[in-house]
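Proteins come first, then strands; the chains are lettered A, B, ... in the order of their sequence lines, and each starts at number 1. All of these numbers come straight from a predicted model, not from anything done at the bench.
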Amino acid sequence: MTSPYNHKEIDKKWQVYWEKNKTFKAIDFSDKKKFYCLVEFPYPSGDGLHVGHPRSYTALDILSRKKRMEGYNVLFPMGFDSFGLPSENYAIKTGIHPSIITQKNIEKFTRQLKSLGFSFDWDRVFSTTDPKYYKWTQWIFTQLFKKGLAYKDKKPINWCLSCKTGLANEEVIDGRCERCGNDVEKRQVEQWMLRITKYADRLIDDLDSVDYLNKIKLQQINWIGRSEGAMVDFKVSDLDEKITVYTTRPDTLFGATYMVLAPEHELIDKITSQDYKTVVENYRKYAVKKSDLERTELSTEKTGVFTGAYAENPVNNEKIPIWIADYVLSSYGSGAIMAVPAHDTRDFEFATKFGLTIRCINRPDTELAEKEGVSVEAVLSGNACWQLEGTTINSSNDNGLDINGMSVEDAKKRTTDWLEEKGIGKYAVNYKLRDWVFSRQRYWGEPIPMVHCIDCGWVTVPEKDLPVLLPDVEKYEPSNTGESPLAAVTDWVNTICPKCGKTAKRETDTMPNWAGSSWYFLRYIDPTNDSVLADRKKLEYWMPVNWYNGGMEHTTLHLLYSRFWSKFLYDCGLIPTSEPYLKRTSHGMVLGEGGEKMSKSRGNIINPDDVVEKYGADVFRLYEMFIGPFDQAASWDTKGIVGIDRFLKKVWRMITNSDIVDIEIDTEQLRILHSTIKKVSEDIETLDLNTAISQMMVFTNEFSKHGEIPKQAAESFVKILYPFAPHICEELWEIIGHTNTITFEQWPTYDQNLIVEEMVTIAVQVNGKLRGNFQMEIDSNDNEVKKAAMEIENVKIHIGNREMKKIIIIKNKLVNFVV
RNA sequence: GCCGGGAUGGCGGAACAGGGAGACGCGUUGGUCUCAAAAACCAAUGGCCAUUUGGCCGUGGGGGUUCGAUUCCCCCUCCCGGCACCA
């Protein structure tokens, strides 16, 4: 009898062993095949590690450990994404410098991560707040600027009227400031923008070359939102102005009975007639308070006002009224639309409310309309809206355009051609994706390395002067003018122009949190390099990332931004691959007990430290993997952990209390051993880790019964459990009599022939209902199976003397008599 | 609202490619061991009826395709993630 499983001692022992021996060091240029395994690095919040973090880390740690056993040179790094709002807000509250808080939090995270035994190569760790790292974040920005991909533009920010500061979206609750409860409105501010839209097509097309979960690809594609249509110019009546609209339905131009401009549209002041100035102005004040989300909410009633101005429909010169309404967004297309109420539900709703003309120009396809439950008559008379396929009607002019009778597709094409011939419009591709607002009027971010000189304009800080260090400030709040706190540090702001040497001013905006995380995976490859962002040869060895896992909540923005930066750096010849990640998966969130999000206010936070203290790192890891399907949300269940705790104790007893004997294994045990190796091997590759664990439970239930265990089975089992529960397995490996770590032992293989059973149970149905079953040798022929099935008493009863219509036989599985 | 995902026993979940629904774990009940308890082990465990051998119902709700649907199609409800300054 050996001593019971003491997790505290064992965890400590092996964590010290791994650290001392640098067991998980990734070797640059090793002859082994490389495998770059990446998890999203955490934001080191003051709350410490959340139980959600280890879900991702454990899963890819399991993968990493398996890959090492399969002979790969694995790079599995960790770092910290440490710029961001919470540290800054904490600093505002307490006056403690964010770098001090950040340092403390990183130490806590590091201790917690180490206590879970992840096989990270800790020699490569860094934080985005390290000046040696953000030097290169800034440098990348200067390259973007030089290539014309960074520019300044006026963009709205949330502005709290009473705090006189800019606010993040999440600090605006129901249109009010989170801190003081007063009104928030939009305010236009000059900001740095990155031209991500230039890469829109490549960001869609290159998805074909990578292995992402399909839902992730779909999110990316839908976010970019590519559409084809036309830009069309409408002349403003009695003024020398034109309004350009983007439409995906140029075929419906004859049905355009009014226009709508976004309340922010630049032409509004010019075109609004005297009588309408006041209403328009009031409406603009009202709209500025709403978020885009509220504005496009279909369920809320449409609002808007008439400007008093008219435009001319270019296809029939009809005078149509120009309105402004907040359901049109300034950020999409040209910020103005032609409204076709008969064929767009939003326009239909608006026109109905304000009594505007509705003219049907597309007769619905009869069959389709019936299926959709829409009356063709109603559409034709302007009492219903039709957006689908149909035949164009009422659509010709005496200027060479006649699209009557055409399908939607043909009519689009013909109209676009006509517009181009006449020079009043052109074919256009449009994206929902907008350029990236890259400025923050905040303190705790990378300073944007730009200098403004009256003579030279915007000039980049030269490489030799990077990084532009974040200076100390007295107050962390944004200034009352809306500038960042850096604006108050006058001796920092005042500098000389790097180009002409005259006095100049530094940019005081900082970068968003997304900046540092857009290229961190490149830096792990060469984390201390001071002369380039990472050595080209090393990048060639390690890139691309073989497998990247992170939260579902990051699959649009972060993923898109980092793909964009990769493509840019690739175009600059700095990195060898234009797609950074070969494979991307996402894990679901870990919710509190009862399925609610874990939060301080709900008081349902589970601290990983407590679990590790009570049960040990291996139980914690295993439980997180057993909790449910990896890609779906799962709720924590304190009771569920005991099952895993029992399982590991059982494994411990199975190995330490049984006689480990060098004997032949019987067929049934061989079958279980080999199907376990197979299932675990395959499930790790698909991250179905919950089912891998249940199969190992099946194994343990069988092999712990006998008091002795064949050595071959014991060793294989310890090896396949090792990636999941590395501490206990290292210890058991030692107890079995080995002196080396399991880390580089060979991953067990299985023999399919040993898994197949000789006898199979065949189900018998009559008319699809189960009526019995019987045992039969595998691969028996259909006639024998049929005969045996008919012998069953209960089957005979249900067939009775009814006529046999059909017999369906699924090999080794089922017989169905249809009578 | 738009985009993406999800719903299976008392609970977490499993089910390869349309073929026996409920693997594995928790919980519950009964038993073994013990002075007792804990631990461990054994057995039972979707619901209702018949209490044997069996029958009916059952994968969020409603329809459909099929010999056969948790799985495919249409409609609906609810829940979760994202919506561009949270990370």
Side-chain angles (χ1 to χ4, degrees), chain A residues 4 40 42-43 45 81 83-86 155 157-158 166-172 191 196 214-216 218-219 221-223 225 291-300 327 331 346 371 432-442 512-514 517 551-558 560-561 586 588-589 591 595 597 623 626-629 631-637 639-644 646-647 649-650 653 682 688 690-691 693-698 701 704-705 761-773 793-794 797 805-808 810 813-819:
Chain A
E40 284 172 350
Y43 174 76
S45 78
D81 189 13
F83 277 124
L85 264 193
K155 287 285 150 183
I157 61 165
N158 299 307
L167 297 175
N169 284 345
E170 71 154 14
E171 294 174 304
V172 182
Q191 312 206 59
I196 189 173
N214 202 42
K215 59 179 174 183
I216 298 176
L218 269 173
Q219 286 279 28
I221 291 167
N222 291 340
W223 184 262
S291 70
D292 284 5
L293 199 59
E294 290 168 310
R295 286 171 49 165
T296 50
E297 190 108 29
L298 214 62
S299 56
T300 54
Y327 78 95
S331 50
R346 294 157 302 182
K371 204 178 148 214
K432 280 206 200 93
L433 179 70
R434 322 202 278 257
D435 275 343
W436 179 3
V437 181
F438 201 69
S439 281
R440 298 292 181 271
Q441 296 72 38
R442 291 279 177 173
N513 181 268
W514 311 106
S517 58
M552 199 58 214
E553 67 273 24
H554 297 136
T555 48
T556 44
L557 292 178
H558 160 65
L560 202 68
Y561 291 154
S586 290
M589 302 220 305
L591 306 170
K597 219 170 176 163
Y623 175 65
F626 192 61
I627 197 167
D631 62 343
Q632 282 169 39
S635 26
W636 191 271
D637 177 14
K639 282 195 217 126
I641 302 173
V642 303
I644 293 293
R646 283 179 199 157
F647 166 63
K649 284 182 175 145
K650 196 166 178 175
R653 284 195 309 271
E682 289 174 355
D688 290 316
N690 53 336
T691 50
I693 293 168
S694 52
Q695 181 60 37
M696 289 191 280
M697 287 172 168
V698 171
N701 290 342
S704 57
K705 283 201 284 231
T761 308
I762 291 173
V764 186
Q765 299 181 333
V766 179
N767 284 349
K769 287 201 173 199
L770 185 68
R771 297 301 177 189
N773 59 53
E793 205 50 44
N794 199 35
I797 293 168
K805 276 190 175 158
K806 208 173 178 183
I807 300 168
I808 289 146
I810 307 295
K813 199 73 194 160
L814 173 142
V815 183
N816 186 13
F817 296 109
V818 185
V819 296

Sugar-phosphate, base or nothing in reach of A:Phe817, heavy atoms under 4.0 Å: nothing

Exercise: do A:Lys432 and A:Asn222 side chains pair donor with acceptor under 3.5 Å: no

Donor-acceptor pair present, A:Gln191 side chain and B:C85 base, under 3.5 Å: yes

Donor-acceptor pair (no angle test) under 3.5 Å: A:His554 side chain, B:A87 base: yes

Sugar-phosphate only, base, or nothing, as touched by A:Ile810 at under 4.0 Å among non-hydrogen atoms: base

For B:A21, the Watson-Crick or wobble counterpart (both distances under 3.5 Å): none

Test item: A:Tyr623 side-chain N/O and A:Asp637 main-chain N/O as donor-acceptor pair under 3.5 Å: yes

Donor-acceptor pair present, A:Asn767 side chain and B:C67 base, under 3.5 Å: no

Any A:Lys597 side-chain nitrogen or oxygen under 4.0 Å from OP1 or OP2 of B:G81: yes

Atom-pair distance (CG on A:Leu560; P on B:C3), nearest Å: 18 Å

Sugar-phosphate, base or nothing in reach of A:Lys705, heavy atoms under 4.0 Å: nothing

Check: A:Gln441 side chain, B:C85 base, donor-acceptor under 3.5 Å: yes

Touch class at under 4.0 angstrom, heavy-atom based, for A:Ile641 against every strand present: nothing

Nearest atoms (heavy-atom pairs only) where A:Ser586 meets A:Gly551: OG-O, 3.8 Å

Touch class at under 4.0 angstrom, heavy-atom based, for A:Pro42 against every strand present: nothing

From CA spacing to verdict: side chain to side chain contact (heavy atoms under 4.5 Å, CB included), A:Lys805, A:Asn767: CA-CA 10 Å; A:Lys805 276 190 175 158; A:Asn767 284 349; over 6 Å; no

Pairing partner of B:A84 (Watson-Crick or G-U wobble, both distances under 3.5 Å): none

Watson-Crick or G-U counterpart of B:G68, or none if no pair lies under 3.5 Å: none

Donor-acceptor contact below 3.5 Å, side chain A:Asn773 vs main chain A:Thr761: no

Shortest side-chain distance from A:Thr691, nucleotide among B:C86, B:A14, B:C24: B:A14

Pair partner, B:U34 [Watson-Crick or wobble, under 3.5 Å]: none

Residue met sooner reading RNA chain B from 5', once A:Asp631 and A:Leu814 are mapped to nucleotides: A:Asp631

Touch class at under 4.0 angstrom, heavy-atom based, for A:Arg442 against every strand present: nothing

Who pairs with B:G27 - Watson-Crick or G-U, where each distance is under 3.5 Å: B:U45

Any A:Arg771 side-chain N or O less than 4.0 Å from OP1/OP2 of B:G55: yes

Short side-chain N/O contact to B:C83 OP1/OP2 from A:Asn222, under 4.0 Å: no

Residue-phosphate contact under 4.0 Å: A:Asn690 side-chain N/O, B:A14 OP1/OP2: yes

Contact under 4.0 Å: A:Lys650 side-chain N or O vs B:C41 OP1/OP2: yes

With A:Trp514, the ring pair (Phe, Tyr, Trp, His ring centres under 6.0 Å) member among A:Tyr43, A:Phe438, A:Tyr561: A:Tyr561

Who pairs with B:A39 - Watson-Crick or G-U, where each distance is under 3.5 Å: none

Shortest side-chain distance from A:Trp514, nucleotide among B:A87, B:C67, B:A84: B:A87

Sugar-phosphate only, base, or nothing, as touched by A:Gln765 at under 4.0 Å among non-hydrogen atoms: base

